[in-house]
Amino acid sequence: MTTPLGIDPVSFGDTTGFDLRPLAPARRPTFLAFSPPLIGEEEIDEVVDTLRSDWISTGPKTRRFATDFARYVGAPDALALNSCTAGLHTALVTLGIGPGDEVITTPMTFSASVNVVEHVGARPVMVDVEPDTLNIDPAAVERAITPRTRAIIAVHYAGHPAELDALRALAREHGLALVEDAAHALPARYKGLAIGAGENPVAFSFYATKNLTTGEGGMLTGGVDFLDRARVVSLHGMSRDAWRRYDKGGSWRYDVLLPGFKYNMSDIQAAMGLCQLAKLDGFQRRRREIVRMYNAAFGESGSLELPAERREIEHAWHLYVLRLRLETLSIGRDRFIDELTNRNIGTSVHFIPVHMHPYYRDKYGHAPDDFPITLDAFQRMLSLPLNPRMTDEDVADVIEAVLEVVRTHPR
Ligand SMILES: *Cc1c(COP(=O)(O)O)cnc(C)c1O
């Protein structure tokens, strides 16, 4: 099969082949969505307030949201943008990374983390992950460093912080920038310090499924001087604060210093973000409760590998990723997901490894087993619903469905 672009799409069959047995009937009467947003009257009122005001694009609420966010994670400064992808791209441009440069990152991520390296014309060098956390393996990073390496993009997979001490040491030793993709890692901590609290660039996502949402949105944290330059890059390359030119006392004059991008957040988005930020600690308490229920229910099963949680970290629990012990089951991961869907439980897979997507596979000649730990995890992983909208009954339904599928499909 070929797409309109003339590229072969990724194909990977269920490892057990076709299973023609009928799926079990649903117990739950309604479908449990994998990750619906949790929007309250507060967000609605705040958005309406913005719509009735004189500012609907980047204005006072965007400024306040960035300030509140910086205070929340303890960041030196924060720049509100319209996506995490924009934050990562802005960071690479601001760092001056371009053609001839290499950026080391992981295939166990959403393609955006790697696409941005292509956007600046640099070469993404993917390396394998650690088997427990599925975060980038510092030892593999070290082996991949060449004279052309300029940066490392670490992804805090599922909300579990990557091994920052080791990555920082490598960055320091080899003069590399460390950029963090924290799309999953709000709020998370590594050795007591919040992700985003440092001087290096860290990009957060407020996409609809993330722990905090503005519909679409993102935040870039980092040092004050770095973000001053990133601000220019992210808005047409216009000299600092040119966006205030419609303010009283603002001037119509501005200089374009470089061909920048159009990545600013709007006050409509920031209105939601302000309310969501105030609720975030409550959201996280609920996420942790659900994780405790899942861990207690699944810990005894010999067929399920639970998500790792190392010491000295705080997990943001954006995702609850189970890995199936396929040698104990008569079905593969794909069929396992179909069985859960049929029981009205929404799931997902995070992620189809980036190197298996046609663009990266064909451009860099990657084979699926170039990254054996990533490939093995991908073949047996699924993400269960985990969000603060879930009731105890929802959680019990997920647990019952998962355990029933395990029980009824022994090898
Ligand atoms: C969601 C996500 C992104 C992209 O976030 P946007 O805000 O949609 O640009 C980047 N990296 C990871 C790991 C993600 O899960």
Derivation of the ring-ring contact (aromatic ring centres under 6.0 Å, His included) call for Y364 and Y359: CA-CA 8 Å; Y364 297 105; Y359 177 82; 7.2 Å; no
Worked verdict on E118 versus Y360 for side-chain hydrogen bond (donor to acceptor under 3.5 Å, both in side chains): CA-CA 10 Å; E118 295 281 327; Y360 292 99; 4.8 Å; no
Derivation and outcome, salt bridge (Lys or Arg N to Asp or Glu O under 4.0 Å), residues R52 and D49: CA-CA 5 Å; R52 293 191 197 286; D49 175 73; over 6 Å; no
Side chain to side chain contact (heavy atoms under 4.5 Å, CB included) assessment of V232 paired with M238: CA-CA 6 Å; V232 173; M238 294 197 309; over 6 Å; no
Stepwise side chain to side chain contact (heavy atoms under 4.5 Å, CB included) test for V93 and V120: CA-CA 7 Å; V93 173; V120 298; 3.7 Å; yes
Test side chain to side chain contact (heavy atoms under 4.5 Å, CB included) applied to N200 and V179, step by step: CA-CA 6 Å; N200 66 311; V179 177; over 6 Å; no
side-chain hydrogen bond (donor to acceptor under 3.5 Å, both in side chains) between T328 and S303, intermediate numbers included: CA-CA 6 Å; T328 70; S303 295; 2.7 Å; yes
Stepwise side chain to side chain contact (heavy atoms under 4.5 Å, CB included) check, I268 with L51: CA-CA 7 Å; I268 301 171; L51 295 177; 3.8 Å; yes
Working for salt bridge (Lys or Arg N to Asp or Glu O under 4.0 Å), residues E400 and R343: CA-CA 10 Å; E400 190 197 329; R343 286 168 174 80; over 6 Å; no
Y157/D181 under side-chain hydrogen bond (donor to acceptor under 3.5 Å, both in side chains): CA gap, chis, key distance, verdict: CA-CA 9 Å; Y157 177 81; D181 178 338; over 6 Å; no
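Heavy atoms of other residues, nucleotides or ligands lying less than 6.0 angstrom from OH of Y207 number 12 at most. Residue E393 qualifies as open at atom CD: its count of foreign heavy atoms under 6.0 Å is 12 or below. Counting non-hydrogen atoms of other residues, nucleotides and ligands closer than 6.0 Å to CD1 of I145 gives a total above 12.
Contact check on R286 versus D392 returns a salt bridge, with a Lys/Arg side-chain nitrogen under 4.0 Å from an Asp/Glu carboxylate oxygen. Salt bridge absent: D101 and R148 never bring a charged side-chain N and a carboxylate O closer than 4.0 Å. Residues R189 and E312 are not paired through a salt bridge, judged by the lack of any N-O separation under 4.0 Å between the basic side chain and the carboxylate. Ion pairing between D228 and R231 holds under the 4.0 Å rule for side-chain N and carboxylate O. The residues D376 and R380 are annotated as salt-bridged, a charged nitrogen and a carboxylate oxygen being separated by less than 4.0 angstrom. R168 and E163 are not joined by a salt bridge, as no carboxylate oxygen comes within less than 4.0 angstrom of a charged side-chain nitrogen. Looking at R285 and E289, no side-chain N of the basic residue comes within less than 4.0 Å of a carboxylate O on the acidic one, giving no salt bridge.
Without hydrogens or angle criteria, Y190 side chain to E314 main chain gives no donor-acceptor distance under 3.5 Å. For the pair K61 (side chain) and G273 (backbone), a donor-acceptor distance under 3.5 Å is absent. Checking side-chain atoms of N211 against main-chain N and O of L186 turns up a donor-acceptor pair under 3.5 Å. Side-chain atoms of H174 do not come within 3.5 Å of backbone N or O of P147 as any donor-acceptor pair. At least one donor-acceptor pair under 3.5 Å links the side chain of S239 to the backbone N or O of D255. A donor-acceptor pair under 3.5 Å is absent between the side-chain atoms of R361 and the main chain of H355, judged by distance alone.
Residues H156 and E180 have side chains that bring a donor and an acceptor to within less than 3.5 angstrom of each other. Checked by atom type, the side-chain pair T391/D394 shows a donor-acceptor distance below 3.5 Å. There is a side-chain donor-acceptor pair under 3.5 Å between T146 and E102. Side-chain polar atoms of D267 and T50 form no donor-acceptor pair below 3.5 angstrom. In this model, a donor atom of one side chain and an acceptor atom of the other lie less than 3.5 Å apart for E43 and Q276. Defined by atom type and a distance below 3.5 Å, a donor-acceptor pair is missing between the side-chain atoms of N387 and R287.
Separation of the H236 and F261 ring centroids does not fall under the 6.0 Å cut-off.
In this structure the side chain of F336 reaches within 4.5 angstrom of the side chain of V402, judged on heavy atoms. Counting heavy atoms from C-beta on, the side chains of R288 and W317 come closer than 4.5 Å. Two residues are said to be in side-chain contact when any heavy atoms from C-beta on lie closer than 4.5 Å; L134 and R323 meet this criterion. When side chains are defined from C-beta on, F206 counts as touching F65, because their heavy atoms get closer than 4.5 Å. By the 4.5 Å heavy-atom criterion applied to side chains, M265 and E216 are not counted as neighbours. Side-chain contact check for I337 versus V349: some heavy-atom pair is nearer than 4.5 Å. Two residues are said to be in side-chain contact when any heavy atoms from C-beta on lie closer than 4.5 Å; L375 and M356 meet this criterion.
Cation-pi geometry between R389 and F283 is not met at under 6.0 angstrom from the ring centre and within 45 degrees of the axis.
Between V117 and P124, the shortest heavy-atom distance links the atoms CG1-N, 3.5 Å. The heavy-atom pair separating N264 from S57 by the smallest distance is ND2-OG, 3.7 Å. The minimum heavy-atom distance between A154 and A162, with the atom names listed, is CB-CB, 4.4 Å.
To the nearest 0.5 Å, the span separating OG1 on T347 from CD on E339 amounts to 11.5 Å.
Taking the six-membered ring for Trp and thresholds of 30 and 60 degrees, F110 and F351 have ring planes inclined between 30 and 60 degrees apart. Below 30°, between 30° and 60°, or above 60°: for H350 and H318 the angle between ring planes is above 60°, a perpendicular geometry. Ring geometry for F204 versus F69: interplanar angle over 60°, hence perpendicular rather than tilted (30 to 60°).
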